[in-house]
Amino acid sequence: MIEVKNLVKSYGDKLAVAGISFKAQDGEILGFLGPNGAGKSTTMNILTGYLSSTSGEAYINGHDILEDPIAAKKEIGYLPEFPPLYLDMTVKEYLYFVYELRGCTLPRNTHLKEICELVKIDNVYDRRINNLSKGYKQRVGLAQALVGNPNVLILDEPTVGLDPKQIIEIRTLIKKLGKNHTVILSSHILSEVQAVCDRIVVINQGKIVADDTADNLSRELTADHKLIARIDGPKDEVIKLVQTIPGVVSVVADLQRERGVWEYNIEAIEGTDIRRELNRRLMSRNWYILGLRSSELSLEDIFLKLTMGESVTEFLADKADDLEERYKEEGDNS
Ligand code: ADP
């Protein structure tokens with residue numbers, strides 16, 4: 001488990017991390033998401049013991065990273081954005097080296113073999129790292145993070161620079177690892193955290209602005225009263241009919257999807273759920289709903305809403321206050 005409490009880091013006058021708190025539980029993959037300059041690397045560097053904090057606490061499986069760094073670091077496998085690979089070494093030489101460096105006491109050959117099978121680099125075990133593709137190099141980076149069986153994995157932008165196939169492979173691997181590790185994965189790519197993470201912490205300008213499941217984050221900002229319906233029926237008559245449903249404010253035929261099938265944007269008064277009535281009325285005319293979804297914001301929209309633009313300054317401040325309140329309450333209750 002990872003626990004961060006009121007972590008602050010200033011570089012001179014620059015406040016890079018402004019009092020953040022969060023927890024990552026065992027077996028959880030936590031996405032740490034924010035634009036460049038948000039404070040992700042600073043936080044990760046503090047968690048891995050590379051940087052000291054200005055104030056606040058960070059615990060890795062109960063070990064204080066500042067007070068007891070050796071015990072804390074033993075629990076951590078770290079994959080920096082640019083893994084520190086020795087390109088002239090073979091994969092085997094490199095992993096032997098990391099094994100020694102970490103003072104690992106597990107049976108060497110069996111342990112390294114298991115890791116290589118897991119991250120699928122056993123076929124390049126005797127190849128020089130320099131001659132490997134970027135995807136393979138990244139997997140060697142992951143392999144070094146796994147030496148010594150650490151419980152906590154900290155992965156900084158793990159798919160940067162990989163091609164789509166390699167991205168899928170690394171994501172699949174991270175998901176697999178997430179089953180028996182605590183994983184923190186930093187990213188500025190929404191689809192990445194959406195695809196891999198159970199929970200997402202969004203950070204902006206050194207402050208946490210959201211801390212929730214990906215689904216909840218979407219839901220929280222979802223416009224339930226705005227629907228996109230794909231309907232098989234005569235367009236003008238469908239519009240007329242839908243307009244008669246109590247609560248409906250507007251109906252617009254947006255796109256023709258197939259012959260006679262249009263996609264309609266339907267907006268109702270906030271708090272009104274018109275789905276059943278929509279169904280009932282269309283059925284009574286033998287017109288069919290072929291698809292129905294609320295016009296949910298994608299995580300991309302949420303991200304923009306959370307982290308950008310004048311209009312969301314207040315929203316951001318409110319979110320940060322809500323979270324502070326929640327952590328205070330949780331702290332009081334624990
Ligand atoms: P991220 O990883 O989210 O891109 P960083 O943690 O690297 O963000 O940076 C957070 C802020 O701290 C940025 O404004 C960055 O310019 C500043 N910063 C990072 N490292 C240093 C440093 N060594 N000295 C001064 N400012 C720094």
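Atoms within each ligand, like the ligands themselves, are counted from 1 in listed order. No experiment lies behind these values; they were computed from the predicted model shown.
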Polar contact flag for N36 and ligand 1 (N/O pairs, less than 3.5 Å): no
Taking 4.0 Å as the limit for heavy-atom contacts, which would you say applies to K40 with ligand 1: side chain only, backbone only, both, or neither? both
Taking only Lys NZ, Arg NE, NH1 and NH2, and the carboxylate oxygens of Asp or Glu, determine whether E169 and R139 approach each other closer than 4.0 Å. yes
Short N-O contact, D163 and K165, less than 4.0 angstrom: no
Closest approach of any protein heavy atom to atom 5 (P) of ligand 1, naming residue and atom: T42 OG1, 3.6 Å
Among S10, G37, S186, which residue places a heavy atom closest to atom 4 (O) of ligand 1? G37
Nearest-neighbour protein heavy atom for atom 16 (O) of ligand 1, which is reported as residue plus atom name and distance: K14 CE, 4.9 Å
What protein heavy atom sits nearest atom 8 (O) of ligand 1, and how far off is it? G39 N, 3.1 Å
Number the atoms of ligand 1 from 1 as they appear, then name those within less than 4.0 Å of a heavy atom of A16, with their elements. 10 (C), 11 (C), 12 (O)
Ligand 1 contacted by G34 (non-hydrogen, < 4.0 Å): no
Counting only heavy atoms not in K134 (residues, nucleotides, ligands), do more than 12 fall under 6.0 Å from its NZ? yes
Closest non-hydrogen atom pair, A16 against T42: CB-OG1, 4.2 Å
Would you name the heavy atoms of V238 and G233 that are closest together and state the gap between them? CG2-C, 3.8 Å
Contact check, P35 vs ligand 1, heavy-atom distance below 4.0 Å: yes
So, regarding S41 and ligand 1 (criterion: nitrogen or oxygen to nitrogen or oxygen, under 3.5 Å), is there a contact or not? yes
Please list the nearest protein heavy atom to atom 26 (N) of ligand 1 with its residue and the distance rounded to 0.1 Å. Y11 CD1, 3.4 Å
Using only heavy-atom distances, determine whether the side chains of D88 and Y94 contain a donor-acceptor pair under 3.5 Å. no
